[in-house]
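Reviewing the structure listed below.
The sequence lines fix the lettering, A, B, ..., with proteins before strands; numbering per chain opens at 1.
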2 protein chains.
Amino acid sequence: MSVTLKDVAALAGVSRSAVSRTFTEGASVSAKTRSKVEKAARELGYSPNALASSLTTGRTKLIGLISNNFHNPIFLEVFDQFTRALQERGLRPLIVNLTDETEPANSVRMLRQYSVDAAIVASSTLPPSFAKAFHDAGVPVVHTFGRSATSPEVHVVGIDNVECGRMAARELLARGYRRVGYLGGPEDATSALDRYRGFMEELADHPDIEVSHCFAGAYSFEAGRAEMLRLLANTPSEAYFCGDDILSVGALSALADHGLKPGQDIGIIGLNDMEMSRWESVNLTTIHQPIKQIITSSVDLVVEMLKEPQRYPEARIFPCRVIERGTLRPRP
Amino acid sequence: MSVTLKDVAALAGVSRSAVSRTFTEGASVSAKTRSKVEKAARELGYSPNALASSLTTGRTKLIGLISNNFHNPIFLEVFDQFTRALQERGLRPLIVNLTDETEPANSVRMLRQYSVDAAIVASSTLPPSFAKAFHDAGVPVVHTFGRSATSPEVHVVGIDNVECGRMAARELLARGYRRVGYLGGPEDATSALDRYRGFMEELADHPDIEVSHCFAGAYSFEAGRAEMLRLLANTPSEAYFCGDDILSVGALSALADHGLKPGQDIGIIGLNDMEMSRWESVNLTTIHQPIKQIITSSVDLVVEMLKEPQRYPEARIFPCRVIERGTLRPRP
DNA sequence: TACAAACTTGCAACCGGTTGCAATCGGCAA
DNA sequence: TTGCCGATTGCAACCGGTTGCAAGTTTGTA
């Protein structure tokens with residue numbers, strides 16, 4: 001069926017070692033042998049079996065990519081960036097779709113069976129312990145969009161969610177809103193909790209401001225919409241920090257139902273700055289998260305870990321900034 | 001480092017074969033041996049190396065998933081469904097992000113190096129020859145969302161795009177539009193061409209109807225918006241069949257710029273029925289493509305091919321239907 | 001109790017490569 | 001021509017499993 005080392009060796013009239021060496025970087029082969037082998041390989045359409053070689057080299061170039069954000073459009077960008085960045089470095093993404101699972105055991109076992117060289121946990125909702133499980137099983141891991149910590153147990157690349165909460169609070173204050181609310185993601189998501197904490201901490205210094213908060217059932221359009229509809233049925237705040245752009249878009253849809261104009265009647269500020277937020281029909285004021293840099297950095301870090309598996313855990317935190325669009329009233 | 005068959009065998013006091021057998025379905029092991037082995041495996045935290053075993057069994061359970069639709073939100077759903085469906089059947093998706101590449105050679109070589117058991121080309125834009133390249137290289141392949149054909153060279157699962165074009169044309173006619181247009185995806189995309197053909201063929205029987213057409217640069221919001229802005233700068237038609245929901249959403253955004261109400265001032269019908277089309281703020285009349293069934297069927301077909309690699313190529317074409325929402329005027 | 005059939009088990013070869021080691025080769029200076 | 005040294009090459013063992021085969025063990029039946 002498929003053509004192997006042995007076939008090429010036979011045709012080229014050399015040993016199997018010679019063939020192996022012409023296909024491995026920096027091995028010792030004479031120009032003559034190399035050309036004989038290359039000719040034979042071309043004739044037979046040979047390409048080395050990466051999996052077989054991984055047996056002896058201990059490297060598969062397979063990278064596990066684990067996520068659970070399949071209902072947030074931001075994931076399109078995340079996923080595009082990740083797969084490209086990995087490919088550019090000669091690595092191969094092996095996907096794990098977590099869906100509703102929150103226990104790492106299955107993913108860990110599976111990725112170990114496939115001998116991935118490293119794993120990337122791409123999720124802002126999973127706790128540090130999730131990524132830690134990979135580390136404990138001997139799989140080098142980077143938690144992208146993970147909870148930032150001063151002394152992380154595993155590599156974390158992302159943003160400071162607490163600081164983002166503060167930033168959102170400051171922004172609402174600066175625009176003169178007096179009754180503000182937090183509409184966060186699911187209550188068990190670390191990012192939702194951290195953003196909540198920052199938001200509340202910042203406002204704790206302003207006892208004159210009325211603060212409310214609630215958590216949506218998911219980071220999704222539907223959840224954001226449902227939650228905002230619920231809020232509008234009672235007495236809503238003047239402005240909301242929605243813990244994610246997709247929640248914001250859902251909330252905007254709820255406002256539209258009630259004939260309310262975002263920015264004028266009720267303020268909304270999101271977080272992420274996904275592509276859709278720039279659409280004219282959405283035009284969402286939001287906190288920009290530097291997705292591209294975060295992902296590039298994550299993949300760079302993975303590459304570093306391949307060279308140095310015991311590398312000391314590190315947190316790479318990127319700054320965010322407010323992007324002014326149309327869903328908050330202007331600063332005075 | 002990692003614990004192997006040999007370690008378990010040593011601890012359990014049996015041969016390596018015995019250990020291998022307890023971990024392979026349907027092999028002959030006594031209950032006593034099995035329990036000894038399982039105990040030892042548990043103590044050592046052993047799990048078999050899937051890649052090593054693939055060497056002898058010839059099966060990796062790795063499935064190449066190749067796509068280039070990373071800017072269309074529909075891909076979120078496609079990707080979610082695919083990864084889940086594969087996982088449920090014990091298969092592992094190995095991703096190839098084609099980005100701008102249109103030549104199969106690289107992907108084929110790469111997936112062969114990793115000995116994938118099969119490949120799924122998930123793209124409505126790539127020509128049949130792309131998938132054919134996998135077939136020719138001995139990799140079983142399914143082209144999902146591929147061009148339907150009466151005698152396909154490879155397995156195709158999807159919809160009849162020509163018929164969808166017809167359906168769109170009929171729908172516009174039924175609503176009394178007299179000047180209609182096709183706003184398609186990129187001109188080199190098979191789906192854009194097929195939908196165009198069906199649309200035109202159907203209208204060829206109606207010489208009194210004025211027809212126009214154009215192709216957007218990509219299946220993306222921006223491309224749809226730009227194209228519709230261009231159309232609005234001249235004399236637009238009364239209604240458009242946009243060759244994809246994301247083009248439609250872009251087009252709707254352009255209409256909004258001009259203060260035009262979809263459904264009232266200009267009609268829009270899309271294709272796909274992605275989640276976003278249901279959003280109240282979008283509320284797009286569209287042709288529903290049964291994504292979930294298509295993907296389930298594709299994965300089922302992959303499973304069949306694993307059993308029977310030489311299976312005769314088959315086209316599985318699913319019917320579409322119009323979903324009535326708010327962007328076409330009602331039928332009289 | 002004896003014997004055949006049915007199960008279990010370990011040995012050894014193999015899957016497709018890699019790599020340490022020792023032998024061989026080629027080139028150059030003496 | 002000889003001797004020496006570094007570059008090249010093949011052998012053989014190994015990576016972590018699987019599997020055909022033959023020997024050994026049970027089990028069932030007469």
Enumerate all atom pairs, one protein N or O and one N or O from nucleotides 4-8 of chain D, separated by less than 3.5 Å.
{"from": "D:dT8", "atom 1": "OP2", "to": "A:Ser28", "atom 2": "OG", "distance (Å)": "3.4"}

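- B:Arg16 is linked by a salt bridge (charged side-chain N to carboxylate O under 4.0 Å, His left out) to nothing, counting only residues two or more places apart in sequence or in another chain.
- Sorted by first and then second residue, the ring pair (Phe, Tyr, Trp, His ring centres under 6.0 Å) pairs with a member in residues 90-118 of chain B form an empty list; sequence neighbours excluded.
- Sorted by first and then second residue, the side chain to side chain donor-acceptor pair (under 3.5 Å) pairs with a member in residues 56-66 of chain B read B:Thr60-B:Asp117; sequence neighbours excluded.
- Partners of A:Arg147 under the side chain to side chain donor-acceptor pair (under 3.5 Å) rule, at least two apart in sequence or in another chain, are A:Asp194.
- Note on B:Glu38 versus B:Arg34: salt bridge recorded, some NZ/NE/NH1/NH2 to OD/OE distance being below 4.0 Å.
- With sequence neighbours left out, the side chain to side chain donor-acceptor pair (under 3.5 Å) criterion links B:Asn69 to no other residue.
- Judged as a side chain to side chain contact (heavy atoms under 4.5 Å, CB included), and not counting sequence neighbours, the contacts of A:Glu153 are A:Lys132.
- Fit an axis to the five pairs at each end of the helix from C:dT1-D:dA30 to C:dA30-D:dT1 and the two axes sit 40° apart, to the nearest 10 degrees.
- Legend: residues meeting ring pair (Phe, Tyr, Trp, His ring centres under 6.0 Å) with A:Phe70, ordered by chain and number and at least two apart, are A:Phe75, B:Phe79.
- Annotation: ring pair (Phe, Tyr, Trp, His ring centres under 6.0 Å) contacts involving residues 2-52 of chain A, sequence neighbours excluded, comprise A:Phe23-A:Tyr46.
- Every salt bridge (charged side-chain N to carboxylate O under 4.0 Å, His left out) that A:Arg311 has, sequence neighbours left out, goes to A:Glu304, A:Glu308, A:Glu314.
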Readout for nucleotides 12-19 of chain D: B = base within 4.0 Å of protein heavy atom, S = sugar-phosphate only, - = neither; 5' to 3' it is BB-BBBBB
